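For reference, the structure discussed in these notes is given below.
Since the model is a prediction, treat every value here as computed from it, not as a measurement. The figures that follow rest on heavy atoms only: side chains count, while hydrogens, waters and symmetry mates do not. Counting starts at 1 for both ligands and their atoms, in listed order.
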Amino acid sequence: MTAKPDVKGFYDARTFSIQYVVSDPATRKCSIIDPVLDYDEKSGATATRNADTILDYIREKRLSVEWILDTHPHADHFSAARYLKEKTGAPTAIGARVVEVQKLWKEIYNWPDLQTDGSQWDRLFEAGDTFTVGELQGRVLFSPGHTLASITYVIGDAAFVHDTLFMPDSGTARADFPGGSAKRLWASIEEILSLSGETRLFTGHDYQPDGREPLWESTVAEQKRSNPHIAVKDEAAFVALREARDKTLPMPKLILHALQVNIRGGRLSEPEGNGKRYLKIPLDALAGAAWE
Ligand SMILES: N[C@@H](CCC(=O)N[C@@H](CS)C(=O)NCC(=O)O)C(=O)O
Ligand SMILES: [Fe+2]
């Protein structure tokens, strides 16, 4: 029988993100997946409201944190991995191909000093790598397409599929960020859908279509039954559908703010002489301006 971890989702309504605590009921060990560091772009303020809510839950359930995991360098919010490492002492991890993402954005930000060896994390996962959460086995699938470095964490009967599949009524993630590929996304989705039908799938975002309540859990079988982006059944049709939709999507409002933090493992920039931190925003670096 496949082990069944406890999975608690924390929805961040500002960024439509779902953050997870996945825990082993037998040992009370847990991993945190895709935590959000709050950022208000209008005022430039940062906060740890989401991360502190997660820490409260961990304290209340008397869990101990074994891993702080990111599925990919996020383009729409800051990662709270660094903050949570400071608070818990747990190691951070992300997919090994993050080094490619670092190289790509090092050019865009013109940051000659950025280290592009992934040394900002404690562990870099390759496809097929395993890890433990208490007595539960974790396994890594390489799931590129949305980004070059995206991975899926399969822990017991739960798969954290981040931005590949959304809820069945919401289709799939976009594949048009620098380094994205609809063709690779299709291959990643096919691998996820080759998991057993009862596998619980936990998505990274829910954009609440038609204002319905936020949802984040489905199964492989449900996705196959009712996700219209999968119903196309072949790569060429998926790529056509995905690319057509991506042409209509403006860039995420925080992409230029977020990547510079997230390719450094959730570290904010170093303070300048006056003690203040600054972001660097490249102009005319990305296509996808939404003028209307
Ligand atoms: N409106 C959001 C869009 C964020 C976005 O592009 N999200 C990605 C995942 S990081 C996605 O796949 N979105 C699919 C969609 O918007 O249909 C923002 O500005 O932050
Ligand atoms: Fe994403």
Side-chain angles (χ1 to χ4, degrees), residues 11-20 33-42 50 69-81 94-95 97-98 100-101 104-105 142-153 160-186 188-189 192 201-212 214-216 223 227-230 238-239 241-263 265-266 279 281 286-292:
Y11 185 66
D12 174 37
R14 285 176 77 92
T15 61
F16 306 95
S17 303
I18 302 97
Q19 316 153 82
Y20 294 100
I33 303 182
D34 287 334
V36 171
L37 184 76
D38 309 283
Y39 170 59
D40 176 45
E41 77 283 6
K42 295 202 179 86
N50 271 294
L69 306 172
D70 267 297
T71 51
H72 65 290
H74 305 281
D76 63 328
H77 64 268
F78 296 173
S79 167
I94 197 164
R97 301 291 171 92
V98 76
E100 307 299 328
V101 181
L104 205 125
W105 286 90
F142 181 42
S143 306
H146 175 62
T147 75
L148 279 170
S150 298
I151 56 176
T152 293
Y153 296 104
F160 297 87
V161 300
H162 62 93
D163 302 349
T164 52
L165 293 159
F166 293 142
M167 288 304 286
D169 64 359
S170 301
T172 55
R174 66 195 292 177
D176 61 330
F177 297 159
S181 157
K183 196 173 146 81
R184 286 177 149 200
L185 181 59
W186 177 251
S188 299
I189 288 171
I192 291 165
L201 301 182
F202 294 93
T203 189
H205 290 290
D206 185 62
Y207 294 103
Q208 301 187 248
D210 302 321
R212 69 144 168 70
L215 296 171
W216 47 79
Q223 290 283 356
N227 189 320
H229 288 198
I230 298 165
F238 175 77
V239 169
L241 175 155
R242 190 64 260 167
E243 288 181 349
R245 174 153 168 73
D246 286 351
K247 283 200 180 74
T248 70
L249 299 174
M251 281 291 139
K253 65 175 187 266
L254 298 183
I255 186 167
L256 297 172
H257 305 67
L259 260 305
Q260 61 193 286
V261 172
N262 295 337
I263 56 170
L279 294 175
I281 302 294
L286 300 180
W291 298 112
E292 305 299 335

Does either side chain, that of [X] or that of [Y], offer a donor lying less than 3.5 Å from an acceptor on the other one?
X	Y	value
Ser143	Thr152	yes
Thr15	Asp76	no
Asn262	Ser79	no
Gln19	Asp12	no

Exercise. Answer whether the closest heavy-atom distance between the side chains of Pro178 and Leu286 falls below 4.5 Å.
Key: yes
Quiz item: Which protein N, O or S atoms does the Fe ion (ligand 2) have within a distance shorter than 2.8 Å?
Solution: His72 NE2, His146 NE2, Asp163 OD2
Could you list each nitrogen or oxygen of ligand 1 that sits under 3.5 Å from a protein nitrogen or oxygen, with the atom names and the distance?
{"unit_1": "ligand 1", "atom_1": "6 (O)", "unit_2": "Arg174", "atom_2": "NH1", "d": "2.8"}
{"unit_1": "ligand 1", "atom_1": "7 (N)", "unit_2": "Tyr207", "atom_2": "OH", "d": "2.7"}
{"unit_1": "ligand 1", "atom_1": "12 (O)", "unit_2": "Arg174", "atom_2": "N", "d": "2.9"}
{"unit_1": "ligand 1", "atom_1": "17 (O)", "unit_2": "Arg245", "atom_2": "NH2", "d": "2.7"}
{"unit_1": "ligand 1", "atom_1": "19 (O)", "unit_2": "Lys253", "atom_2": "N", "d": "2.9"}

Practice problem: Would you confirm whether the ring centroid of His162 sits within less than 6.0 angstrom of the ring centroid of His146? | Solution: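 No, ring centres 6.0 Å or more apart.
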Quiz item: For the atom pair NE2 (His205) and NE2 (His74), what is the distance rounded to the nearest 0.5 Å?
Solution: 7.0 Å
Self-check item: Test side chain to side chain donor-acceptor pair (under 3.5 Å) applied to Thr172 and His229, step by step
Solution: CA-CA 7 Å; Thr172 55; His229 288 198; 2.7 Å; yes
Exercise. Could you walk me through whether Lys247 and Asp176 pass the salt bridge (Lys or Arg N to Asp or Glu O under 4.0 Å) test, one step at a time?
Key: CA-CA 8 Å; Lys247 283 200 180 74; Asp176 61 330; over 6 Å; no
